[in-house]
Participant: 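What follows is a structure written as structure tokens; I'll ask about it next.
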Amino acid sequence: MKILCTFIMAAAVSVPAFASSALAQKNACMACHAVEKKLVGPSYKDVAKKYAGKMDAAALAKSIKAGGSGKWGPVPMPAQAALSDAEALTLAQWILAGAK
């Protein structure tokens, strides 16, 4: 049983990049963000670069859900309260890994 739980946890953490990209598209994140270039909000690559070693995935997930303003300029990011905690964490891990 312990081995099965370990396998399930590893599978949950190692979500393929296409799954996180699909999650970002499904939740309309790509309307304001792109992987490589700034749109309305910063690119995912810029977010990963800015927060490398400074913010963990849990903190970024909280920021995604809460929204905010002033971190990237005058345009506010609306709260993403409809995202589950697990979805926000998956997106944050994907973003911090360079959206690969």
Participant: Please report the closest heavy-atom contact between Ala57 and Gln93, naming both atoms and the distance.
Facilitator: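 Looking at all heavy atoms of both residues, the shortest contact is CB-CG, 3.6 Å.
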
Participant: Contact between Val75 and Ser69 at the side-chain level, heavy atoms closer than 4.5 Å - yes or no?
Facilitator: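 They are not in side-chain contact.
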
Participant: So how far is it from Ser20 OG to Lys26 NZ, rounded to the nearest 0.5 Å?
Facilitator: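 Spacing of OG (Ser20) from NZ (Lys26) equals 12.0 Å.
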
Participant: Side-chain heavy atoms under 4.5 angstrom apart, residues restricted to Ile, Leu, Val, Met, Phe, Trp, Tyr: same cluster for Met30 and Ile64?
Facilitator: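 Yes, Met30 and Ile64 fall within the same hydrophobic cluster.
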
Participant: State, with a plain yes or no, whether a side-chain heavy atom of Lys50 is found less than 4.5 Å away from one of Trp72.
Facilitator: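 A side-chain contact exists here, since the closest heavy-atom pair is under 4.5 Å.
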
Participant: Which residues pass the side chain to side chain contact (heavy atoms under 4.5 Å, CB included) test with Lys37, not counting sequence neighbours?
Facilitator: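 Only Ala34, Leu39 meet the side chain to side chain contact (heavy atoms under 4.5 Å, CB included) criterion with Lys37.
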
Participant: Heavy atoms, side chains only, cut-off 4.5 Å: are Leu96 and Tyr44 in contact?
Facilitator: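 Not in contact.
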
Participant: Using the test side-chain hydrogen bond (donor to acceptor under 3.5 Å, both in side chains), find all partners of Asn27 that sit at least two apart in sequence or belong to another chain.
Facilitator: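 Checked Asn27 against side-chain hydrogen bond (donor to acceptor under 3.5 Å, both in side chains); zero matches.
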
Participant: Would you kindly confirm whether Leu60 and Leu91 end up in one hydrophobic cluster when ILVMFWY residues are joined by side chain heavy atoms under 4.5 Å apart?
Facilitator: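 Same cluster: Leu60 reaches Leu91 through Ile, Leu, Val, Met, Phe, Trp or Tyr contacts under 4.5 Å.
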
Participant: State which residues pass side chain to side chain contact (heavy atoms under 4.5 Å, CB included) with Ala79; sequence neighbours excluded, sorted by chain then number.
Facilitator: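 Counting only residues at least two positions away or on another chain, Ala79 forms no side chain to side chain contact (heavy atoms under 4.5 Å, CB included).
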
Participant: State plainly whether one hydrophobic cluster holds both Leu83 and Ile95, where clusters connect Ile, Leu, Val, Met, Phe, Trp and Tyr through side-chain heavy atoms under 4.5 angstrom apart.
Facilitator: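 They do share one cluster, since a chain of ILVMFWY contacts under 4.5 Å joins Leu83 to Ile95.
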
Participant: Mind checking what makes side-chain hydrogen bond (donor to acceptor under 3.5 Å, both in side chains) contact with Lys45, not counting sequence neighbours?
Facilitator: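 Listed in chain order: nothing, the list is empty.
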
Participant: Does any N or O in the side chain of His33 come within less than 3.5 Å of the main-chain N or O of Ser43, such that one atom is a donor and the other an acceptor?
Facilitator: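 No; zero donor-acceptor contacts below 3.5 Å.
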
Participant: Indicate the atoms forming the closest heavy-atom contact of Ala58 with Leu89, along with that distance.
Facilitator: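 The answer is N-CD1, 3.9 Å.
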
Participant: Restricting to side-chain hydrogen bond (donor to acceptor under 3.5 Å, both in side chains), what partner residues turn up for Asp85, sequence neighbours left out?
Facilitator: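 Result, side-chain hydrogen bond (donor to acceptor under 3.5 Å, both in side chains) vs Asp85: Lys65.
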
Participant: Under the rule for side-chain hydrogen bond (donor to acceptor under 3.5 Å, both in side chains), what residues qualify as partners of Lys71, not counting sequence neighbours?
Facilitator: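 Partners of Lys71 by the side-chain hydrogen bond (donor to acceptor under 3.5 Å, both in side chains) criterion, ordered by chain and then number, come out as Ser63.
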
Participant: Determine, using the 4.5 Å side-chain heavy-atom cutoff (strictly less than), whether Trp94 and Met77 are members of one ILVMFWY cluster.
Facilitator: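 Same hydrophobic cluster.
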
Participant: Specify the closest pair of heavy atoms between Ala59 and Met55, including all atoms of both residues, with the distance to one decimal.
Facilitator: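 Taking every non-hydrogen atom into account, CB-CG, 3.5 Å.
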
